[in-house]
Number of protein chains: 2
Amino acid sequence: MEVNDVKILLVDDESDVLDFMKYNLEKEGFWVYTAQDGLEGLQLAKKINPDIIILDLMMPKLDGIETCRELRALPEFKNTIITFLTARDEDYSQIAGFEVGADDYITKPIKPRVFISRIRALLRRLEANSGDAKLKVGDIVIDRERYMVVKSGVEIQLPRKEFELMSLLVSKPGRVFKREEILSKVWGNETIVGDRTIDVHIRKLREKIGDDYFKTIKGIGYKFDA
Amino acid sequence: MEVNDVKILLVDDESDVLDFMKYNLEKEGFWVYTAQDGLEGLQLAKKINPDIIILDLMMPKLDGIETCRELRALPEFKNTIITFLTARDEDYSQIAGFEVGADDYITKPIKPRVFISRIRALLRRLEANSGDAKLKVGDIVIDRERYMVVKSGVEIQLPRKEFELMSLLVSKPGRVFKREEILSKVWGNETIVGDRTIDVHIRKLREKIGDDYFKTIKGIGYKFDA
DNA sequence: CCTTTAGGTTAAGCAACTGTTAAGCGTTGC
DNA sequence: GCAACGCTTAACAGTTGCTTAACCTAAAGG
């Protein structure tokens, strides 16, 4: 994973702290998003699917612990790295933090260089964790390793052919796949199936994932679009 | 075992010492957790199942010796590496330390490079000892050395094939293992067994460990999930 | 408009795969 | 040599997924 592909979400109610972190992370080439409270953070996280989330503990509306718990309850954040930001000596919270599934703690104040190297350490972890087996598009995640589709937090199990078909289409969102191309890639070059077979599978996908994602290009084939 | 998979728990009441160790270990890519006293350390250890635990001797609430004794009393920490941290010349404690099952001593102050190489030495020992001897997922620990599965503290003895199968699945929780993959890894490439053999073993595991842990992905294989 | 053509929909039958059970066989320990 | 155990297989049951056929609808082009 390139540094340029890494999305980091910062959630803190203090603008100073946000600016400090954002500035330093962006200087390193990370892609930084910010939110000022837990609720906002939660929404933004669902929207952008960040790789790392840094949560302040003390926040209005929804504190860090709660936000983390809610994030971890969603399958698409099961492998996201979540870190708490805490004032030095607030450590009482560490137990509670790890209990809701935090991966790390960062204590403030922290020096820029230490901060960055901390983030890099987290990143190494992220790379080790996730093979290349995950496709993310909008609020949809396809996890080849688990044979699972996650749509805005909900895990969906698909039968084999449907899953393969969906994987294929999602692998290049927006790109149109010709019918014959789909046949050869999902069914294989040898097997010969009737005309309606693809349609039926597309139909099932529309039923399970949502109508709008799969677009028909008449006379050509299908494409996936968010 | 990858560096990125190694979890180290540091327990010391002095924040400076914690920060020093944490910083240096993280720079190397280890996964570091910290606690400030024995009780907290104990709780955190149960939660995160670390591979190496570094305990300061002098701590409030529960000192290093006692913490170690309690850790060693739990089956899942029988093979965890536990190291004491001690001020130079506190040698009186060394005897007591080894008696409760410590694996090593680190004397402070210590230089970063020496510290790291010491940890690496421990790690080599961990690998040599057990050749990935322990797999931990949620409330399940797999102890390769003793051919034992510990589920929420209860030891379960499994026959060899069942154990190998379970080990394989648990080694990557959530990941789907194809039937042929299972066959080649558990039975070996040469032996040819019938189709139903895997199913029967899965069935026995479901019987002994619990139905919900083993999920069938039809047409593909099985996966382990907590 | 009407025709043509491609795609959508549905249910049914078939095929593929997995679950379950019991029995056979070899090994080990007593 | 008997009992207990582990591994594999066979037979059957149960389930799910895949494909097809028949019919319907929508879009495009004359």
Side-chain angles (χ1 to χ4, degrees), chain A residues 146-149 155-169 176-225, chain B residues 142 144 146-149 155-169 176-225:
Chain A
R146 299 179 180 233
Y147 273 85
M148 273 285 189
V149 176
E155 291 191 337
I156 303 171
Q157 267 279 17
L158 295 180
R160 193 174 44 187
K161 287 277 193 270
E162 286 167 40
F163 184 83
E164 296 295 348
L165 174 56
M166 172 136 188
S167 284
L168 177 66
L169 295 179
V176 179
F177 290 86
K178 300 201 191 94
R179 281 171 161 266
E180 43 171 289
E181 195 178 351
I182 292 175
L183 280 179
S184 83
K185 293 210 169 136
V186 176
W187 273 263
N189 279 314
E190 281 108 65
T191 46
I192 296 161
V193 291
D195 256 8
R196 298 275 65 70
T197 305
I198 292 183
D199 309 47
V200 173
H201 282 95
I202 288 283
R203 188 184 168 275
K204 297 218 158 138
L205 285 178
R206 298 213 240 238
E207 204 174 288
K208 289 173 186 168
I209 310 295
D211 272 29
D212 314 329
Y213 293 99
F214 304 92
K215 284 186 187 147
T216 306
I217 312 297
K218 237 189 139 172
I220 316 283
Y222 296 91
K223 71 172 176 177
F224 177 90
D225 246 331
Chain B
I142 293 191
R144 285 196 152 283
R146 297 185 301 146
Y147 270 81
M148 272 288 191
V149 175
E155 295 190 338
I156 302 170
Q157 184 69 268
L158 292 181
R160 197 167 58 242
K161 291 282 188 220
E162 285 167 42
F163 184 83
E164 296 294 349
L165 174 56
M166 172 134 187
S167 287
L168 178 65
L169 295 179
V176 178
F177 290 86
K178 303 202 186 91
R179 279 169 166 269
E180 42 171 296
E181 196 177 351
I182 294 174
L183 281 179
S184 82
K185 294 208 170 138
V186 176
W187 274 264
N189 278 315
E190 280 107 66
T191 46
I192 296 162
V193 291
D195 258 6
R196 299 274 65 68
T197 306
I198 293 183
D199 308 47
V200 173
H201 285 274
I202 289 283
R203 187 179 171 277
K204 298 215 159 144
L205 285 178
R206 297 213 242 240
E207 210 173 349
K208 291 173 186 168
I209 310 295
D211 270 29
D212 312 330
Y213 292 100
F214 304 91
K215 284 186 187 149
T216 306
I217 311 296
K218 241 195 131 172
I220 315 286
Y222 295 92
K223 70 175 173 179
F224 177 91
D225 242 335

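The sequence lines fix the lettering, A, B, ..., with proteins before strands; numbering per chain opens at 1.
- Looking at heavy atoms from C-beta onward, H201(B) lies out of side-chain contact with F163(B) at the 4.5 angstrom threshold.
- Take D225(A) and apply the side-chain contact (heavy atoms from CB on, under 4.5 Å) test, not counting sequence neighbours, and it matches K215(A), K223(A).
- Put simply, chain B comes within 4.0 Å of DNA chain D, heavy atom to any atom, from dG6(D) to dT16(D), going 5' to 3'.
- Applying the side-chain hydrogen bond (donor to acceptor under 3.5 Å, both in side chains) test to E207(A) and every residue at least two apart in sequence or in another chain returns R203(A).
- Over its length, the helix from dC1(C)-dG30(D) to dC30(C)-dG1(D) turns its helix axis by 30°, as judged from the five terminal pairs at each end, rounded to 10°.
- Evaluation of the ring pair (Phe, Tyr, Trp, His ring centres under 6.0 Å) rule for F224(B) yields Y213(B), F214(B) as partners, not counting sequence neighbours.
- K208(A) pairs by the side-chain hydrogen bond (donor to acceptor under 3.5 Å, both in side chains) definition with E162(A), not counting sequence neighbours.
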* For every nucleotide of nucleotides 16-22 of chain C, 5' to 3': is a protein heavy atom under 4.0 Å from its base (B), only from its sugar-phosphate (S), or from neither (-)? -> BBBBBB-
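- No side-chain heavy atom of L158(A) sits under 4.5 Å from any side-chain heavy atom of L165(A).
- Between V193(A) and T197(B), it is T197(B) whose nearest contact on DNA chain D lies nearer the 5' terminus.
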Close N/O contacts between protein and nucleotides 28-30 of chain C (under 3.5 Å):
none

Side-chain atoms of residues 185-192 of chain A: list all donor-acceptor pairs with protein atoms under 3.5 Å, sequence neighbours left out, distances to 0.1 Å.
from	atom 1	to	atom 2	distance (Å)
K185(A)	NZ	E181(A)	OE2	3.4
T191(A)	OG1	W187(A)	O	2.6

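- The CD-C1' distance, from E207(A) to dG8(C), rounds to 12 Å in whole Å.
- For E164(B) against Y147(B), the heavy-atom pair with the smallest separation is OE2-OH, 3.0 Å.
- Every residue two or more places apart in sequence or in another chain that forms a side-chain hydrogen bond (donor to acceptor under 3.5 Å, both in side chains) with T216(B) is listed here: R206(B).
- Listed by chain and residue number, D199(A) satisfy the salt bridge (charged side-chain N to carboxylate O under 4.0 Å, His left out) test with R196(A) (two or more places apart in sequence, or in another chain).
- Here the shortest heavy-atom pairing between G219(B) and R160(A) reads O-NH1, 3.0 Å.
- Residues forming a ring pair (Phe, Tyr, Trp, His ring centres under 6.0 Å) with F177(A) (at least two apart in sequence, or on another chain): none.
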